[in-house]
Structure formats: structure tokens, C-alpha cells
Amino acid sequence: MKADVLIIGGGSAGGLLAARLSEDPGREVLMIEAGDEATDPDIWDPAAWPTLQGRSYDWNYRTEPQAGTAGRVHHWARGRLVGGSSCLHAMGYMRGHPEDFASWAEATGDARWSWDGLLPAFEANEDREVAGRDGGPLPIHRTDAEASRLTHAFIAAGAALGLPRLQGHNEGVMIGVTPNSMNIRDGKRVMVADAWLTPEVRARENLTIVTGALARRLVLVGNHVHHVEVRGRDGPVLFSADTVVLCAGSLESPALLMRSGIGPRDVLDAAGVECLIDMPEIGRNLQDHLLGAGNLYATRKHLPPSRLQHSESMTYMRAGSFTEGGQPQIVVGCGVAPIVSERFEAPAPGTAYSLLFGVTHPSSRGTLKITGPEPGDRLIIDPAYLSTERDRDLFRAALEAARTIGQSDELAEWRDHEILPGPLESREEIDAFIANAAITHHHPSGTCRMGKDDAAPVDADLKLKALDNLFVVDASVMPSLTAGPIHAAVLAIAETFARTMFNSRKEA
């Protein structure tokens, strides 16, 4: 099958691009997705969010045992269906802080990746549910009315300590307290497939979506992707296109490149894959956010369940200060449920709540490696959690901030006593608790980073530097993490790329 543009991966970036690029009726767009269409009704129920992990449409990756988290193996949920991880994530929508993107612009030498450069993409994607700001397909729902009374007490506690009261996290200021904005409309999750791949879009004659199609290998002729070998429902099939856009995510995008002979020579040699193009940085720079789960409190009275998705408010701040502004360093979140890692026993729902805590810009960097040439061969995922003293120090500050908020008078109506961590007598005890409490915030990124330096695999136009017709458009191109959840940034990356494609076509 031949197209003008082949999109590999039907997740957040891929779904947006399929819709946007097929707006040009003269462009044949083909999107392939390894999974199926979403059918599980629980996907659209915000409160069911944590229970979706591990189901048939979750890739359910596992990391290597992590020395920084007490030797634990972490499960990484990633969506294997049209809509990708927008079907599994916690629906929180936060653009990030302007300084997050200043580092992207510096890394690439391109102002398109600055806050101001990305602003048109953010605005085009968003339906802010207010007059004059409702043009985009994705609802950015303010949750003040539905948020728990506990959440409002948590917000009051932060404000009493000096944190500003914000009207959401999306105006360029993140330090402060506010209920989270969420991708929810009429009480239901809105995933990327709902927002962009509407029935009208799917009916376009120039758009083809193929599900159950797992990309096995890119076949090169010189520096050109000639075709893609795919495992379809009925066996092997070949797809080709003038332009190939890789949107398989921070794990499968670099893995597909490596299985195709593009990547670090030593990794490919060990996996039994012939190295066609030695690109040492592919699979490196792996980053993820962690959250400590959690600073746990028993309630004085019954805590009604969340009407949203349990984690209703994230408070960003500088380490050691409730009044300093600027780019956040740490975060404390309010969990309207007893949220703890697998190392601790959770009390019954309604009897306890958790304050989650973490670091916004971890300096730890990990790696992703393949072990063989086939998609089913295990990936070696090593995020190197808490491997730097800076990250460990900031995590201590985040725990301290959580406990300060947790002991505030504003939460006295709900707080009976602290269950976890309890007395901690030394730095070693603090670090041991953090190591056992830390869980993934589900934000893997950075494994095909964009940059102007020679080592960066992807350039500022998101083209893989070694090839002339392959682009990478997903979280793997992010040089560094944004302060909060990365979904908004991934969608802005995809929208910016779509605009670049349209402008290039006009110039041609």
C-alpha cells in the first residue's frame, strides 16, 4: 500500500497528525496502529482511570530493577489502541512553564520550540470552555465545581502557606494552587481519537486508518525509507510513502529504529541486528517523572470518592519555599484516595487520603535498548531513577513540603493522623521511604531528542538526521521534561509539525 504520508502509531501525536495532514485533499495519508479501536466503556469513565492499566490494550512494559527505588521493577502503562496513551492517562492538562521550552529553543536553535513559538499550537488544540477561547478540539475542563471538599481544603492549605491561587496551570505561571484542568467533557474522558478522529474526519477519502498493524522494520535504500515491513491481521504486508512519520512513542519509536539497523552500534551488535547507520544517542536521554505515593493520612470522617479521577490538584513550587516564583522544582498533589506504592498496604477507600510528591525536572537520565530484531523481543528499559544527588535532594524537599501542607490547620477537618511515612530519624530513613514510595508519573520521553548538536538524532524540523524522508513526532523528541504532565506538549509538538508540513507544501 502506497501513500504520500505514512504515520506509524495511532496514539496522541499520530491521531492528531492523521486528522490535520488529511485536511489537504491532495495528500494521501495512511496511519497504522498496532492495537485496535477503543471499545472498553471504562476508558471514558474518569474514575476508572487507575484500573485500566494492565488490560489488553496496555503494552504494560516493565523497567529493569531500579537501584534508586529499592531494587523495584516499575510497570509502565502505554496505550496499544487508537488514541494511544490518551486512553490511559490521568487526563490532567498542563502546558508547562515557559522556561521549560526556553531550554528546547536553546537545544535546537529554533524559536518554534519556545513558549511563544508553541503558543499558536497550544491555542489551536484547546477548547478552554470560555467565550473566545473555544476553537480547538480538545476540552480543557476547569474542575473547580466537581473537585472534592478535601481538594479545596488542600488548596486552602497551600494558599495559607503563601502559594498564589491560580486559575489553572496553562497561563505561563505554574507555581501556585489550583484544581487541575482535565480532558473531560460532560463527565467523560475525551481522548485524542474522540477529539481529532471524528466520524467526519474518518470519512475523508484521502485518509486510511489500519489497525492491528505492527511495524516490524524500516527497509532502507541509501538514506531513504523505501518501505515498512508490517505484521498485519492477515500476515506480513508492506507499506510505503514519500514521507514517513514515526509516532510510536518514546519506547517503540527508538526501538523500531534500532530494529531497522539505526542506532548505537554496540546495542545493535548485542541484539543481533546489523548496524546500517550508527547513531549512538538513539535510546539514550530517557527521562520520566516520579511521584512519591504517598504521604498518607487517616481521615477523621468518611471521605467521599472523587467525582473526577482521584488526583485532583497538583501544586507546583520551588524547593524549600512556598512564596518564591519562577520555574517549579517540586510538586505536591492531592489524592482523594489512599494512593500508595505496592510496597505499602492501602487502607480502605474513604478512610484515608494521600499527598503525592515529586521532582519536576529530574536530572537522572536512563537508556532504552533492544534485545533482538523482532517487535516481541524484550526491551531493556532503565530510567536510572534517582541516580543523581540533585534528584534525591529535591525529593527530600518535596516530601517535606507535602508533610508541611498535610499538617496544616486547613486540613484539620479531614486529618486524623499521619500513617506514612511516620517518624524519620535520619537522611537514610528519609531516602529509604522515598525509594519505596516512588511510582512512575507515566511521562517517558527524550529517547530521540531534537537538537542542533551533532549527536542529537533529530533536527529542529523533527527529521531524523540520518535519513531524508523520516520524521519523528512524539515525546521521544523532547530534549527535557516539562514541569508537569507532558501530554499537552506532545500535542503541541504534533500541531507545530503539521503546520510546518502545510507551510512546506505551500512553498513547494
Side-chain angles (χ1 to χ4, degrees), residues 62-76 97 99-100 103 174-175 284-296 314-322 324 326-333 335 339-344 354-368 381-407 418-447 478-486:
R62 289 171 171 78
T63 71
E64 297 300 290
Q66 293 297 291
T69 60
R72 295 158 55 214
V73 171
H74 297 260
H75 291 245
W76 279 14
H97 188 271
E99 290 186 35
D100 300 344
S103 66
M174 289 195 72
I175 288 181
R284 296 180 182 171
N285 193 47
L286 176 61
Q287 301 164 60
D288 185 27
H289 283 132
L290 286 174
L291 286 175
N295 179 209
L296 182 67
M314 304 298 281
T315 292
Y316 294 89
M317 67 188 79
R318 300 288 289 181
S321 174
F322 290 94
E324 185 181 352
Q327 186 181 32
Q329 293 177 314
I330 61 173
V331 60
V332 178
I339 303 170
V340 295
S341 80
E342 83 286 356
R343 287 290 176 93
F344 303 106
S354 291
L355 300 188
L356 311 174
F357 55 95
V359 177
T360 58
H361 300 92
S363 57
S364 299
R365 297 290 184 269
T367 57
L368 172 83
I381 304 167
D382 181 9
Y385 283 143
L386 294 171
S387 58
T388 69
E389 182 57 32
R390 175 187 177 276
D391 290 355
R392 294 189 291 272
D393 189 51
L394 286 173
F395 242 103
R396 297 177 198 119
L399 173 58
E400 181 179 357
R403 299 182 88 179
T404 300
I405 294 172
Q407 295 297 332
E418 183 188 69
I419 302 173
L420 291 174
L424 297 173
E425 303 297 335
S426 66
R427 174 173 287 193
E428 289 73 24
E429 290 182 359
I430 294 171
D431 288 350
F433 171 71
I434 291 170
N436 282 287
I439 60 173
T440 176
H441 203 3
H442 302 288
H443 302 152
S445 58
T447 47
M478 294 169 57
S480 53
L481 283 163
T482 56
I486 64 175

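Looking at every heavy atom in both residues, Y316 comes nearest to G484 through OH-CA, 3.4 Å. Nearest heavy atom pair, residue M478 against residue S445, reads SD-CB, 4.2 Å. Closest of all the heavy-atom pairs between T388 and S363 is OG1-OG, 2.7 Å. The two atoms that bring S364 and D391 nearest to each other are OG-OD2, 2.6 Å, heavy atoms only. The shortest non-hydrogen separation linking A398 to V331 is CB-O, 4.4 Å. Nearest heavy atoms, I330 versus A319: CD1-CA, 3.9 Å.
Taking H97 as the reference, nothing meets the ring-ring contact (aromatic ring centres under 6.0 Å, His included) condition, with sequence neighbours excluded. When the ring-ring contact (aromatic ring centres under 6.0 Å, His included) test is applied to H74, the partners found at least two apart in sequence or on another chain are Y385. The side-chain hydrogen bond (donor to acceptor under 3.5 Å, both in side chains) test applied to R392 returns E389, not counting sequence neighbours.
Between the side chains of T367 and D382, not a single donor N or O lies within less than 3.5 Å of an accepting N or O.
Expressed to the nearest 0.5 Å, how far CD1 of I439 lies from OG of S341 amounts to 7.5 Å. Between the CH2 atom in W76 and the OG1 atom in T63 there is a gap of 7.0 Å [rounded to 0.5 Å]. Between the NE2 atom of H442 and the NE2 atom of H289 there is a distance of 13.0 Å, given to the nearest 0.5 Å. Summarising the geometry, atom CZ belonging to R365 is positioned 3.5 Å from atom CD belonging to Q287; distances are rounded to the nearest 0.5 Å. Distance CG/L386 to CG/L394: 10.5 Å, rounded to 0.5 Å. With rounding to the nearest 0.5 Å, the separation of CD1 in I175 from OG1 in T315 is 11.0 Å.
Proximity of L290 to F395: side-chain heavy atoms (C-beta onward) are separated by under 4.5 Å at one or more points. Taking the side chain as every heavy atom from C-beta outward, M174 and T482 never approach each other to under 4.5 Å. Considering only heavy atoms from C-beta on, R318 comes within 4.5 Å of Q329 through its side chain. At least one side-chain heavy atom of M314 sits less than 4.5 Å from a side-chain heavy atom of L291. The shortest distance between side-chain heavy atoms of R403 and P421 falls below 4.5 Å.
Using a 4.0 Å cut-off between charged side-chain N and carboxylate O, R396 and D393 make a salt bridge.
Checking side-chain atoms of T360 against main-chain N and O of P328 turns up a donor-acceptor pair under 3.5 Å. In terms of modelled atom types and a separation under 3.5 Å, the side chain of Q66 and the main chain of E64 share a donor-acceptor contact. Side-chain N or O atoms of D288 include one that pairs as donor or acceptor with a backbone N or O of H443 at under 3.5 Å. Between the R343 side chain and the F433 main chain, no donor and acceptor come within less than 3.5 Å of each other. Here the side chain of N436 pairs no donor or acceptor atom with the backbone of T69 at under 3.5 angstrom.
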Subject >> From CA spacing to verdict: side-chain contact (heavy atoms from CB on, under 4.5 Å), V332, T404 >> reply: CA-CA 11 Å; V332 178; T404 300; over 6 Å; no
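Enclosure of atom CD in E400 is not indicated, since only 12 or fewer non-hydrogen atoms of other residues, nucleotides or ligands lie within 6.0 angstrom.
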